[in-house]
Amino acid sequence: MSNYDTLNPMQQEAVFHTEGPVLILAGAGSGKTRVLTHRTAYLIEEKGVNPYHIMAITFTNKAAGEMRERIDDLVGFGSESIWVSTFHSSCVRILRRHIDRLGYDNNFTIYDGDDQKTLMKDICKRLQVDTKIYKEKSFLGAISHAKDELISPEEFALNVAGDYSKKKQAEVYAEYQKMLHKNNALDFDDLIVKTVELLKADPEVLNYYQERFRYIMVDEYQDTNTAQFQLIKTLASKYRNLCVVGDDDQSIYKFRGANIYNILNFEKEFPDARVIKLEQNYRSTKTILNAANSVISNNVGRKAKVLWTDNEEGDKVNFQQFDTGYDEADYIVRDISKKVRDGEYNYGDCAILYRTNAQSRLFEERFVVSNIPYKVVGGVNFYARREIKDLLCYLKTIDNARDDLAVRRVINVPKRGIGATTLAKVQAYANENDLSFYNALKMAEDISSLGRSAVKIKPFVTLIQTMRSKAPYLGVADLLEEILEETGYLEELKAEGEEEAQARMENIDELISKAVAYEEKCQSEDTEPTLSGFLEEVALVADVDSLESGSDYVVLMTLHSDKGLEFPNVYLAGLEDGIFPSYMTITADDPSEIEEERRLCYVGITRAMEHLTITSARMRMIRGETQYNKVSRFVREIPEELLGHAPEKVRLAESVKARTYEQAKTAFRAKVAYAGTPVDFASAATESQSLPYTVGDRVRHLKFGEGTVTNIVAGGKDFEVTVDFDAFGVKKMFAIFAKLKKI
DNA sequence: GAAGGCGGTCTTTTT
DNA sequence: GACCGCCTTC
């Protein structure tokens with residue numbers, strides 16, 4: 001019981017009120033995760049609820065993982081049968097079991113944004129849409145928007161009312177869904193939509209899950225869209241034990257379809273709902289909280305609530321305006337470096353937050369020269385990288401022969417001399433005979449128009465067939481290795497130039513370790529590792545998910561990625577009208593867009609626990625153009641007495657400046673800073689200075705087998721190693737690529 | 001069929 | 001400034 005004594009009265013009420021609908025309005029840093037985990041424990045321990053009947057939904061895997069861990073700590077026995085997962089993975093889990101009832105195979109593939117774009121391009125070409133006028137992106141936007149609102153292609157078509165471009169959209173939408181179905185694929189939005197569809201269409205399935213999930217809790221409720229709301233409403237409608245936790249002030253995903261009325265109208269939807277407000281903040285200093293409150297108070301149409309804290313006053317908010325973005329980056333990086341040197345903070349305590357991904361560049365450049373470990377969250381997703389996608393598409397091809405997109409991506413990677421003309425002929429044959437693309441490939445010899453090209457296709461088909469037969473007993477990691485070896489992918493990479501290839505190799509290694517980790521996870525959970533399982537895990541991870549709590553590096557990310565996180569020392573960079581709030585929202589007709597930006601600012605400020613620095617630049621390069629911006633209106637909304645000393649000029653001698661920036665740039669280009677792991681320059685440097693083998697040693701190569709090292713020459717960035725292989729003779733190779741193992 | 005060059009477009013934000 | 005698509009050339 002003493003567990004619950006540590007909660008404040010409001011938190012206790014939220015924990016003890018277990019039956020019926022509950023809306024918890026939880027301000028930033030008010031301990032909502034604590035409430036959710038304690039509530040779960042209370043349900044099990046005090047109310048005797050079987051953990052099997054509890055479901056907790058979050059938005060990111062990271063949040064889910066954290067909650068799982070904390071629940072495990074509190075509950076102990078039986079906690080593993082609670083469903084703690086994201087909307088998307090919950091849906092995948094349900095669909096994997098039952099989607100055959102909607103006419104898909106249960107081993108469907110999940111398409112990410114890139115896949116969607118590729119598919120859309122295809123469709124536009126086929127429907128002869130002029131993409132100069134109607135952009136692929138706008139179609140995808142319209143479709144996604146429709147799906148957020150649960151509007152089917154048929155319904156969409158009914159509402160076009162003579163509007164030509166809408167009519168076009170309807171046509172494309174219908175075709176898009178048709179193609180997805182044909183490829184046995186679902187896009188992100190479909191995961192939710194199809195689950196809702198399934199529950200509506202199949203009373204048996206509906207009843208099963210309603211019985212199962214008698215207690216449902218939803219985190220970050222303000223970010224749910226209509227489809228997600230329908231989903232939880234449907235699931236909860238039998239037992240009506242639905243507890244949602246959210247903060248309307250932190251709703252920042254309207255552009256992604258989040259429906260703020262889900263939270264604002266919760267009490268209308270559930271008239272018997274209990275509403276509980278958590279207004280005590282445990283995270284930030286008084287100063288920081290006051291700054292946040294005064295900014296957000298400029299929004300109209302929010303639920304009344306005032307966040308307060310018992311924490312101490314703390315330092316003033318440190319506001320600095322600089323001449324350029326370079327100066328801004330320089331200042332922040334130095335400030336972090338100083339605070340770490342003084343023992344005030346570790347790198348891991350510091351975060352830099354900005355509005356757009358492009359802003360990370362300048363900071364990265366400075367971090368590289370200063371040798372400070374950092375990690376950029378977001379930007380180009382690890383799994384969106386070319387080499388990773390290539391390999392994943394091989395896996396998809398092996399896993400799901402109906403995924404034409406995957407097959408088409410890898411058929412000529414590495415180059416097999418199969419070009420657009422050949423592909424078009426195969427596609428035509430596939431269409432005529434109602435075959436999947438891959439099945440058409442298998443019959444290449446029967447396609448008369450192909451002529452000699454058929455010969456080129458055969459080895460590819462054989463390769464896939466062999467892999468497919470090996471897949472069940474090989475395991476994902478070994479399968480990847482096998483693909484790399486059999487296709488000669490690595491050799492092709494090498495040919496592209498070393499710097500880039502090295503980064504790609506590292507990414508590939510990373511992917512293989514992820515596969516190994518997946519297999520280990522399966523083993524510990526006593527489940528069967530499958531290709532689909534791995535692909536699905538990979539498809540649903542966001543970059544924030546990979547943030548490790550124990551590691552010591554500065555974190556850089558957009559304001560949208562930082563939700564739910566907290567850092568002792570936070571920098572909000574680029575606070576300029578035109579950047580943040582963005583130019584788009586300033587010029588927008590709809591004043592609510594500015595309000596969403598303001599909420600974003602509120603989220604950013606409230607990430608800070610002890611120390612907050614806000615910076616802006618007078619002049620900034622945007623898309624190759626120099627812009628002059630005023631200090632952001634949001635800064636002006638913070639009372640002056642909360643801000644530290646008046647903006648002080650931090651100027652460096654012009655010449656010094658120019659030189660350091662050049663250095664920074666070169667260093668940045670030379671090093672491979674990729675988003676998968678923090679860049680550890682110190683160890684990278686030493687590693688490349690010593691090889692695990694020397695002249696005369698026996699080594700093993702992935703492809704050439706065993707041999708003897710006859711010479712090692714230090715090149716600019718790498719060692720050129722000469723090896724006399726027993727079976728293949730003398731070869732020269734770069735150490736980075738060769739991956740020689742001493743034996 | 002591949003590689004390299006040119007010109008147009010674009011950015012908020014992402015599960 | 002970066003990327004993408006289209007064009008030309010080999």
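Basis for what follows: all heavy atoms, side chains included, without hydrogens, waters or symmetry-related copies. Convention: sequence-line order gives letters A, B, ...; per-chain numbering from 1.
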What is the distance, to the nearest angstrom, from the [atom1] atom on [X] to the [atom2] atom on [N]?
X: L140(A); N: dT15(B); atom1: CG; atom2: P; answer: 17 Å
X: I622(A); N: dA2(C); atom1: CD1; atom2: P; answer: 14 Å
X: Q222(A); N: dT15(B); atom1: CD; atom2: C1'; answer: 14 Å
X: N61(A); N: dT14(B); atom1: CG; atom2: P; answer: 16 Å
X: L565(A); N: dT14(B); atom1: CG; atom2: C1'; answer: 15 Å
X: L362(A); N: dG1(C); atom1: CG; atom2: P; answer: 12 Å
X: I411(A); N: dG1(B); atom1: CD1; atom2: C1'; answer: 14 Å
X: E220(A); N: dT14(B); atom1: CD; atom2: C1'; answer: 14 Å

Next on the checklist: Once side chain to side chain contact (heavy atoms under 4.5 Å, CB included) is applied, do any residues pair with N629(A), and if so which ones, sequence neighbours excluded?
Outcome noted: E576(A), I579(A), Q627(A)
Next on the checklist: Tell me every residue that passes side chain to side chain contact (heavy atoms under 4.5 Å, CB included) with A539(A), counting only those two or more places apart in sequence or in another chain.
Outcome noted: I110(A)
Next on the checklist: Work out how far the P atom of dC4(C) is from that of dT13(B), and round it to whole angstrom.
Outcome noted: 15 Å
Next on the checklist: Is the ring pair Y253(A)/F255(A) parallel, tilted or perpendicular, if the boundaries are 30 and 60 degrees?
Outcome noted: tilted
Checklist entry - How close do F534(A) and L511(A) get, heavy atom to heavy atom, and via which atoms? => result CZ-CD1, 4.2 Å
Checklist outcome for this item: A correct 5'-to-3' footprint of nucleotides 6-13 of chain B, with B, S and - meaning base, sugar-phosphate only and no protein heavy atom under 4.0 Å, is ----BSBB
Next on the checklist: Considering only residues two or more places apart or on different chains, which pairs with a residue in residues 107-121 of chain A satisfy salt bridge (Lys or Arg N to Asp or Glu O under 4.0 Å)?
Outcome noted: D112(A)-K389(A), D115(A)-K389(A), D115(A)-K396(A)
Checklist outcome for this item: With sequence neighbours left out, the residues meeting salt bridge (Lys or Arg N to Asp or Glu O under 4.0 Å) with K521(A) are E537(A)
Checklist entry - For dA3(B), does OP1 or OP2 lie under 4.0 Å from any side-chain N or O of K415(A)? => result yes
Checklist entry - Just checking T422(A): base, sugar-phosphate only, or nothing, at a heavy-atom cut-off of under 4.0 Å? => result sugar-phosphate
Next on the checklist: At 4.0 Å (heavy atoms only), tell me whether N412(A) reaches a base, stays on the sugar-phosphate, or touches nothing.
Outcome noted: sugar-phosphate
Item to check | Pairs satisfying ring-ring contact (aromatic ring centres under 6.0 Å, His included), at least one member in residues 580-602 of chain A, at least two apart | outcome: F580(A)-F634(A)
